[in-house]
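Structure, as structure tokens:
These figures come from a predicted structure and were not determined experimentally. Quick note on labels: first sequence line is chain A, next is B, and so on, each numbered from 1. Side-chain atoms are counted along with the backbone in the values below, which use heavy atoms only and exclude waters and symmetry mates.
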Amino acid sequence: MTINPHYARIWQTVQLIPPGKVACYGQIADLAGLPGRARLVGKALGKVPEEGWKNQPVPWFRVINAAGKISFSEASEHFIQQKQLLQDEQVVVLGGRIKLKEFQWQPDLAELLFQLEF
DNA sequence: TAGCTGACTCCAT
DNA sequence: AATGGAGCCAGCT
């Protein structure tokens, strides 16, 4: 199966989210140059290679929805895992919710563009 | 090719 | 804050 070039672009963008911060699907889509494709980001994260991408891990767990919540149902294993990984890096998760005002990644655009060139 | 589906968003209530 | 509905778009069958 061929890798959708959009997926690679999305993974690469997600790798720029610093530890302790989160971004939402739509935000990643925008930064990756794919405005309006938040759902594609979800698809791409579901296909992150086990071994990471370009020898770097893809921190899929730092991506949540625009409501500031984890997008899995609270009962699921995925939810438990994502919550745990976030809390491991000091992100406060209460009832699946994260305070975007406090934890949302706000990248410097110039720096971001520079990094994505490579 | 046509539908279906969803790790989404926005807006009204 | 929670819920429901419409809009959205591309991957997948």
Side-chain angles (χ1 to χ4, degrees):
Chain A
M1 176 191 177
T2 3
I3 292 179
N4 183 319
H6 287 167
Y7 286 3
R9 179 109 188 150
I10 289 167
W11 295 332
Q12 206 176 335
T13 305
V14 170
Q15 289 178 323
L16 300 179
I17 307 173
K21 289 292 177 181
V22 298
C24 41
Y25 298 94
Q27 181 184 3
I28 293 301
D30 287 346
L31 295 175
L34 302 165
R37 273 156 285 188
R39 308 190 82 136
L40 185 60
V41 173
K43 276 281 203 301
L45 293 185
K47 293 180 176 297
V48 167
E50 191 73 27
E51 66 281 6
W53 180 245
K54 300 285 188 187
N55 295 313
Q56 287 288 148
V58 179
W60 57 271
F61 58 89
R62 294 188 189 130
V63 184
I64 60 179
N65 64 36
K69 298 172 66 178
I70 286 176
S71 278
F72 294 112
S73 71
E74 296 207 26
S76 73
E77 281 304 308
H78 277 323
F79 178 94
I80 306 290
Q81 187 184 189
Q82 182 165 17
K83 177 180 176 182
Q84 185 61 58
L85 289 167
L86 285 173
Q87 290 181 147
D88 285 349
E89 47 186 49
Q90 324 309 316
V91 173
V92 178
V93 185
L94 292 177
R97 183 183 311 287
I98 291 147
K99 288 186 181 177
L100 288 181
K101 200 163 185 180
E102 191 172 348
F103 298 102
Q104 182 169 36
W105 176 42
Q106 300 187 319
D108 175 85
L109 294 186
E111 187 179 329
L112 180 82
L113 289 177
F114 175 74
Q115 296 186 72
L116 286 176
E117 299 244 344
F118 296 81

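Among the atoms of the strands shown, base atoms are found under 4.0 Å from some heavy atom of A:Leu45.
The CD atom of A:Gln27 sits 16 Å away from the C1' atom of B:dA7 (whole-angstrom rounding). The distance between atom CG of A:Leu34 and atom P of B:dC8, rounded to the nearest whole Å, is 16 Å. Remark: C1' of B:dA7 and CD1 of A:Ile80 are 16 Å apart, rounded to the nearest angstrom. In this entry the distance linking NZ of A:Lys43 with P of C:dC9 reads 15 Å, nearest Å. Distance CZ (A:Phe79) to C1' (B:dA7): 13 Å, rounded to an integer number of Å. Distance CD1 (A:Ile10) to P (B:dA7): 14 Å, rounded to an integer number of Å. Between the CG atom of A:Leu94 and the P atom of C:dA1 there is a distance of 11 Å, rounded to whole Å. To the nearest angstrom, P of B:dT5 lies 19 Å from CG of A:Leu40.
For A:Asn65, counting side-chain heavy atoms from C-beta on, the closest listed nucleotide (B:dA7, B:dC8, C:dA2) is B:dC8. Distances were taken from every side-chain heavy atom of A:Arg39 (C-beta onward) to each of C:dA1, C:dC9, C:dA10; the shortest belongs to C:dC9. Of the listed nucleotides (B:dA7, B:dT9, C:dG11), B:dT9 has the atom at the smallest distance from the side chain of A:Ala38. For A:Arg37, the side-chain atoms get nearest to C:dA10 when compared with the rest of C:dG7, C:dA1, C:dA10. Distance from the side chain of A:Cys24 is smallest to B:dT9 among B:dT9, B:dA7, C:dA10. Of the candidates C:dG11, B:dC8, B:dC10, C:dG11 carries the atom nearest the A:Tyr7 side chain, counting heavy atoms from C-beta on.
Remark: A:Asn4 is not in phosphate contact with C:dA10, judged by side-chain N or O atoms under 4.0 Å from OP1 or OP2. A:Lys47 has a side-chain polar atom (N or O) that falls below the 4.0 Å cut-off from OP1 or OP2 of C:dC12.
When each of A:Val58, A:Val41, A:Val48 is checked for a side chain to side chain contact (heavy atoms under 4.5 Å, CB included) with A:Ile10, only A:Val41 meets the rule.
Remark: A:Glu74 does not engage A:Lys83 in a salt bridge, criterion side-chain N to carboxylate O under 4.0 Å.
Within the 3.5 Å criterion, the main-chain N or O of A:Val91 finds no donor-acceptor partner in the side chain of A:Glu102.
Rounded to the nearest 0.5 angstrom, A:Lys47 NZ and A:Trp60 CH2 are separated by 16.0 Å.
Inspection of the A:Gln104 and A:Gln27 side chains reveals an N or O donor paired with an N or O acceptor under 3.5 Å.
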